[in-house]
Number of protein chains: 2
Amino acid sequence: MVTKGRYHHGDLHSALLDAAEALVRERGADGWSLREASARVGVSPSASYHHFASRDTLVRALSERTLAWLGERLRQECERAPGRRNDPQQRLIALGRGYVNWALEDPAVARLVLRGGATGPHSSIPTHPHDVLTAELDRLAEAGGLPALARPGAEFVLWAAIHGLAVLLTDGLIHIDGSRAVDVQTERVVRAALNGLAQETSPAAGWPAAHSAHTERLARHRSSQSTPEVDENH
Amino acid sequence: MVTKGRYHHGDLHSALLDAAEALVRERGADGWSLREASARVGVSPSASYHHFASRDTLVRALSERTLAWLGERLRQECERAPGRRNDPQQRLIALGRGYVNWALEDPAVARLVLRGGATGPHSSIPTHPHDVLTAELDRLAEAGGLPALARPGAEFVLWAAIHGLAVLLTDGLIHIDGSRAVDVQTERVVRAALNGLAQETSPAAGWPAAHSAHTERLARHRSSQSTPEVDENH
DNA sequence: CAGGAATCTCAACACTGTTCAGATTGGACT
DNA sequence: AGTCCAATCTGAACAGTGTTGAGATTCCTG
């Protein structure tokens, strides 16, 4: 830290993110304040308003940083998946485990991040977990493990299953003893979703309109570079 | 309302719950205050502390009331499910639709309630949605639509799928245009989970330890009547 | 009709997010 | 080198929050 006694902090932006993350871990997703995070960094409360427009903006920035990190971790865990020739199904199981295990390892942060806070239409997260999931699903489809008709929208049933399990766990609505049992149950959920998808038979028209807020963001971001940054203040 | 000008309100308890619920709808899950709710009811802020130990207690009470109501509604929707002879699979699809549709009709309240707020070990909700779900799953199992080995824990994969979809929608991480498309996607998620469960093959030992916080509560409540009420104040 | 228990008010506490005028600094330009 | 501007941070303030405790008001029981 180059923080000692200087008037200008150096990198207050990420220092505040770090402090907030630590506080979330110590006191829970909502048991902390902007003032506290500022004090911990050794700076006046109003200083943070030159880096984040509001407390909410800080939370969103932390969420985005965390999601990008998580996405990268998930990608790596897919790579390390067992099975002959990188079985795409095993990769997806590894992804699900990574998601759920992270939520249990870092429950307070996960509660804050996964809740999404109305996730306004802003910022493109480098490797969003959702993107990793769709990529892996594509891989499975190409390997012939998925009926073609299942593809548009299949991501949602898998994501709902994994995300649902993670959220039920971090919110304390479900409890599973032992990390081994968690892995088993997670694998079960992913397998069920994939099996269910593989068995889909009727086209069941009507879901071309479904899309994630993230894909929406990406599309908007690609089509217009001119979108002004919302993070401005003053 | 018998509220006019009286010093004693009459039924401040549920009046506060109603006001809070309305405020959540107007200003979002977190955009309201205890003071505001009290003022709306026409009472001083401190009056509410004779009925709820804290703001958090109010939130929990509202959650429980809502979950009980939702559970009842889901039960009814299962009854009205289409299909010959009350097909248990159709009943579960109806349940899933009820859950997701409610979340979309009342998104702010759903965000508050589904988040669960660490759902401490207290209070037994009359007809918790989770109980309705397991009951319907039992019905399906008895009808032979589920391999016996799938039963312990099967509730979690289905609940995760439904709850996950509902939460992704209310948190704005996914967006689906049109209530018809929502129904289709919900049915898809439920069907996938059920198909997946029906295809389960290996015993995959290790999940007898899994149980919901609610079942836990019920068990504790049945075994000891002596548990003191936590809702006390002073 | 008395009196205790329940209910509500008032005033205050420590704390929050947020704003704004002014002090302090680093870096770019002459 | 020195000047000056923009970026950065401070200090003090504002309205609003959850929560508490002492005291007023009312209801209900005996």
Review point. Sub-3.5 Å donor-acceptor pair from the side chain of T127(A) to the main-chain atoms of E72(A), do we have one?
Key: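 A pair under 3.5 Å: yes.
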
**Study point:** Upstream residue (5' side of DNA chain C) when L12(B) and S54(A) are each assigned their closest nucleotide
**Key:**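 Looking at the nearest nucleotide for each, L12(B) comes out on the 5' side.
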
**Study point:** D183(A): salt bridge (Lys or Arg N to Asp or Glu O under 4.0 Å) partners, not counting sequence neighbours
**Key:**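 Once residues adjacent in sequence are excluded, D183(A) has no partner under the salt bridge (Lys or Arg N to Asp or Glu O under 4.0 Å) criterion.
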
Review point. So, for S63(B) and L112(B), which heavy atoms are closest and what is the spacing to 0.1 Å?
Key: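 Closest approach of S63(B) to L112(B): OG-O, 4.2 Å.
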
Point to revise | Least distance between heavy atoms, A47(B) atom then H51(B) atom | key: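 Looking at all heavy atoms of both residues, the shortest contact is O-CD2, 3.6 Å.
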
May I have the distance from [X] (atom [atom1]) to [N] (atom [atom2]), rounded to whole angstrom?
X: D56(A); N: dT16(C); atom1: CG; atom2: P; value: 17 Å
X: F52(A); N: dC9(D); atom1: CZ; atom2: P; value: 11 Å
X: R55(A); N: dT17(D); atom1: CZ; atom2: C1'; value: 13 Å
X: H50(A); N: dG22(C); atom1: NE2; atom2: C1'; value: 11 Å
X: Y49(A); N: dA13(D); atom1: OH; atom2: C1'; value: 14 Å
X: L23(B); N: dG18(D); atom1: CG; atom2: C1'; value: 16 Å

Exercise for review: Check whether any side-chain N or O of H51(A) sits under 4.0 Å from OP1 or OP2 of dC9(D), and answer yes or no.
Suggested key: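 So the side-chain polar atoms of H51(A) do come within 4.0 Å of the phosphate oxygens OP1 or OP2 of dC9(D), strictly under.
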
Practice item. Using side-chain hydrogen bond (donor to acceptor under 3.5 Å, both in side chains) as the criterion, list what pairs up with R75(A), not counting sequence neighbours. Key: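 Counting only residues at least two positions away or on another chain, R75(A) forms no side-chain hydrogen bond (donor to acceptor under 3.5 Å, both in side chains).
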
Review point. Any ion pair linking E64(A) and R60(A) (charged N to carboxylate O, less than 4.0 Å)?
Key: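 No, no charged N to carboxylate O under 4.0 Å.
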
Exercise for review: May I ask you to list the residues of residues 24-35 of chain B, by number, that have any heavy atom positioned under 4.0 Å from an atom of DNA chain D?
Suggested key: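 Nucleic-acid contacts, sorted: S33(B), L34(B), R35(B).
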
Check your understanding: Is there a donor N/O on one and an acceptor N/O on the other, under 3.5 Å, for the side chain of S46(B) and the base of dC8(C)?
Key ->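 Side chain to base: no pair below 3.5 Å.
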
